[in-house]
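What follows is one structure encoded as C-alpha cells, with my remarks underneath.
First the proteins, then the strands, lettered A, B, ... as listed; each starts at 1.
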Amino acid sequence: MGTSLAFHFVFAALGVGLPVLMILVEGLWLRTGDRRYYRLARTWSRAMLVLFAIGAVSGTTLAFELGLLWPVFMRNSGAVIGIPFSIEGFAFFIEAIFIGIYLYGWDRLSPVAHWLCSFPIAISGALSAASVVSVNAWMNTPAGFRLANGVIADVDPWAAIFNPATTSEVLHTTLAAYVFVGFATAAVYALALLRNRKDGDAAGAVRVAMLVALTAIPLQLVAGDFSARFDAHREPLKLASEEGQFETQRGAPLRIGGLPDPSAHTTRFALEIPRLLSFLAYDDFEAEVRGVDAFPAADRPPVPAVHLAFDLMVGSGFALLAIALWWSLATRLGRHEPNAALSRALVVSGVLALLAMEAGWLVTEEGRQPWIVAGFWRTSDAVTTAPALDLTFYGFSLIYVLLAATLGWSFRNIAREPVREKPAIPSGTKP
Amino acid sequence: MNDITLVVLIGLAALTLYALFGGADFGGGVWDLLAAGPRRDAQREAISHAMGPVWETNHVWLIFVIVLLFTCFPAAFAALSVGLYVPLTLVLIGIILRGAAFAFRAQAYRDERLVQTMGRIFGMASIITPFFFGAAVGGLAAGKFAWYSPFALGVGVFAVALCAQIAAVFLTLETDGALREDFRARAIAATLAVAAMASLTPWIAALTKPATFAALTAHGTLLDVALTGLVAVALLAGLWLRRYALARVLVACETVGILVGWYIAQAGFLIPGITTLAAAASPATTLRVFIWLVAIGALFLLPSLLLLFGLFKASRRAG
C-alpha cells in the first residue's frame, strides 16, 4: 500500500499539475500564434495520454487495494469518509471525459473550444486531489463521528470532510503538485537546453514551467508555515517529532539537521537557532513547546525518520525558492535563455521538488504512526485477514515499479518523436 | 421508496452501465487478440480508434460502483473484499496490465516486436479480467464465495462471450465495407456463443445446485429470461438483415436483461454473512448525503457524457 501510494502520489501530482501547464501553453499559442507553444501542447498531450491511462489504472488499483488490504479499516470508516471518495469519483468521471475530448478532439473542435476543454480537467484534477487529501487530514484529526462500544455512531460526513486539518493539508498538498510539476518540467527541458543551446521549444517550455513554479513556491512556503503552526496546536506530538524536540521546553530552539536519538532522548549534531521554534510555532520567543517525551512511549512515531524527512522537505523548499528567484532575475522572467549554470540548477530543482514532495508525504504518514486514524485505530489493527498478504503486497509493489519504469520509457519516446505540424490556426478563430 | 432502496438502484444502474460500456471495451480487446484474415491490421486499427476517446470514462463506472459500495454498504464491501479476494485480485491485475499495455502500445509504434507484445498482453488481459469478474459474480450466486465452482467458472466464460458480443455489435457501427462484414460475422458468432453459454450455465446449475438455483427458476427470473431470449433472437435477426443501429439497441437490452436476471436471483441471498441490506448499510445521514451528491454530480456528469459520446460516436466517419 505504501509503495502504491508513493507512486500514485507522483502520478496524481502530474495529473493535477500538467493540465495547468497545458492551459498555459495552448493559451499562449492561441494568443501569440507562436508555433513553439503549439508543438509543446501536442507533445504534452501525448504524454498526458499515457499518464492518465496509468493514473486511471493506479487509481482503480488503490480503490481495490483499500478493500483487499484494509477491509477492517474500511468497514469501520466507510460510512464516515466514503463521501469525499464519492466526490473524487465524480471529479474523476469529469476528468476522464474531458481528457478523452481533449486528447482526441484536436481536429474535431475549434481551437478555442478545444482550449476551453482543458479547464474542466485542471479543475476536476484539483478537486479530486482536495477530496482525497481531506481523507488523509481526517486520519490525522478525525472528526464527524464517535465510538460507542467500538461501533461508529453519530456520523456527520460534512464534519469529517471539513475536519480541522483539511484546510492546511489541502492547501499544502495541492500547491506541492504545482511546485513539483513546474520544477520537474523545467528540469526536463533544461536538460534538453544543456544538450542543445538552440532548442527554441525547450526554452519556451522552461519559461512556462518556471512561471508556474515561481508562483507556487512562495505560496507553498507560506502554506507550509501554516501547516506547522496547525501541528503545534492540534498535533503537538507530530510537531515535536518533525523538529526533533524531545524535552518540553520554554524558548525552544529551531534544529536544522542533526540525528535524533530516541533512546538518549536528544537530537545530536543539529544546528540550533535559539528560541526560533517557539516563535515560529506560537509567535512568542518564550512559548513552551511540548516535547516527544511528554507523550506515552507507545504512541510515539519514529522520530529520526520524521525529523530528517521534515528537514529534507523544508530545506528543498528554500533551495527551490532560491533557484526560482535566481531564474527570474537572470532571465528577466524568461525573456532571455538561462545560461549553463542556471540550467544545471534547474535540473537539480526537478530532483529537489520530487524529494520534497515524497518527504512531505513521509512526514504526514510516519508522523501519525502508530495510528492509522489518530487516537482511534492503530495501523496494526487495520490489516487484512485474507491469505498471502505479503505475496499480494510485493506483487502490487512490483507492478507499480514496472508501471513507473514503462512510463519513464514512454516519456523518453515521446520527447524524441517530433510533432507532426498541422495547419495553422484558421483565420477568425484567433481571440 | 426509502434511501437504502434508492442507493441500491443507483448502484445496480451504475453496475449495468459498467457491464455495457466496460464490457464493450473488454470485448474490443478480445477481438484485437483474435484479429485475423486479410484485414487483420484494419480490424485492430478500428478497435483502437473506437476505444481511444472513451475507454477511460467507461472504466470510471467501476470506480463509482466500488466507491458507492464502500460508502453506503461498508460491511458488504469488506465481506466481498475478503470473500472474493482471489478473483478480485486477478481482476485487478488484469485491469492494470490491460490499461498499461493499451497506452504503451500507442507509444511503441516504432518497435514492431514491442507493439506485438503489448498487443498480446492487452488482448489476454481483456479476456482474463471479464472472466474473473464473471467468476466472482458466479461465486456470489453459488453461495459461500465459491468462485472456483464449475457454475462460477461457467459464468466467467459467459461474461467473456457477452463482452465479445457487445463489442462486435458496436463495432459494426464504427466501420463500413468489408471491415463491417468482418465484425458482423463476429457479432453473429458471439451471439451464438452467448446463447450457448446461457443454455449451458443453467445445466451446470441444475447439476451442481448453487444457492440461488431456486431463485433462478422463480417466476420473476423466468419472465426475465424469456424476454431476454426473445431479445437475443431479434438481435440475431437484426444482424442477419444488417440493421446495425437496431442491433446496438438490442444488444444493450440483452445485456440489461441478463444482469437484471442475476439481480432478481441474488436479491433473496445478498452476500454470505450479510442477511439484510439495512444491517449492512451506513447510517441514514451518510446515505442521504450520498444521494444528494449523486443528484448534483449527475448535473455535471450527464452533459459531459453527452458531449463526449456526441463528439466521437455520433458522426461515425468524421475522423
_Heavy-atom cut-off 4.5 Å, strictly under: side chain, backbone, both or neither for Phe98(A) against chain B?_
side chain
Can you tell me which of [options] forms the most heavy-atom pairs within a distance under 4.5 Å of chain A?
options	value
Ile296(B), Leu97(B), Val294(B), Thr57(B)	Thr57(B)
Ala100(B), Gly99(B), Gly52(B)	Gly52(B)
Leu69(B), Ile96(B), Ile93(B), Asn58(B)	Ile96(B)
Leu307(B), Leu293(B), Ile66(B)	Leu293(B)
Leu287(B), Val91(B), Thr71(B), Ile95(B)	Thr71(B)

Nearest-0.5 Å distance, [atom1] of residue [X] to [atom2] of residue [Y]:
X	Y	atom1	atom2	result
Ile291(B)	Ser86(A)	CD1	OG	11.5 Å
Phe85(A)	Leu68(B)	CZ	CG	14.5 Å
Ile97(A)	Leu306(B)	CD1	CG	9.5 Å
Phe90(A)	Leu301(B)	CZ	CG	6.0 Å

_Looking at Ile94(A), is its backbone amide N or carbonyl O close enough to the side chain of Ser304(B) to form a donor-acceptor pair, meaning the two atoms are under 3.5 Å apart?_
no
Do [X] and [Y] have side-chain heavy atoms sitting under 4.5 Å apart?
X	Y	value
Thr285(B)	Asp156(A)	no
Ile63(B)	Phe93(A)	no
Val54(B)	Tyr104(A)	no
Leu109(A)	Leu311(B)	yes

Top contributor to chain B contacts, counting heavy-atom pairs under 4.5 Å, from [options]:
options	result
Gly89(A), Gly100(A), Ala91(A)	Gly100(A)
Ile99(A), Ile83(A), Val50(A)	Ile83(A)
Pro120(A), Ala79(A), Ala96(A), Pro157(A)	Ala79(A)

In terms of heavy-atom proximity below 4.5 Å to chain A, should [X] be classed as side chain, backbone, both, or neither?
X	answer
Leu62(B)	side chain
Ala298(B)	backbone
Trp55(B)	side chain
Phe64(B)	side chain

*asked:* For the CH2 atom on Trp106(A), are there more than 12 heavy atoms of other groups (residues, nucleotides or ligands in this structure) within a distance under 6.0 Å?
replied: yes
*Would you say Phe376(A) has more than 12 foreign heavy atoms packed within less than 6.0 Å of its CZ?*
yes
*Provide the closest heavy-atom pair for Arg108(A) versus Phe312(B) in the form atom of the first, atom of the second, distance.*
NH1-CA, 3.7 Å
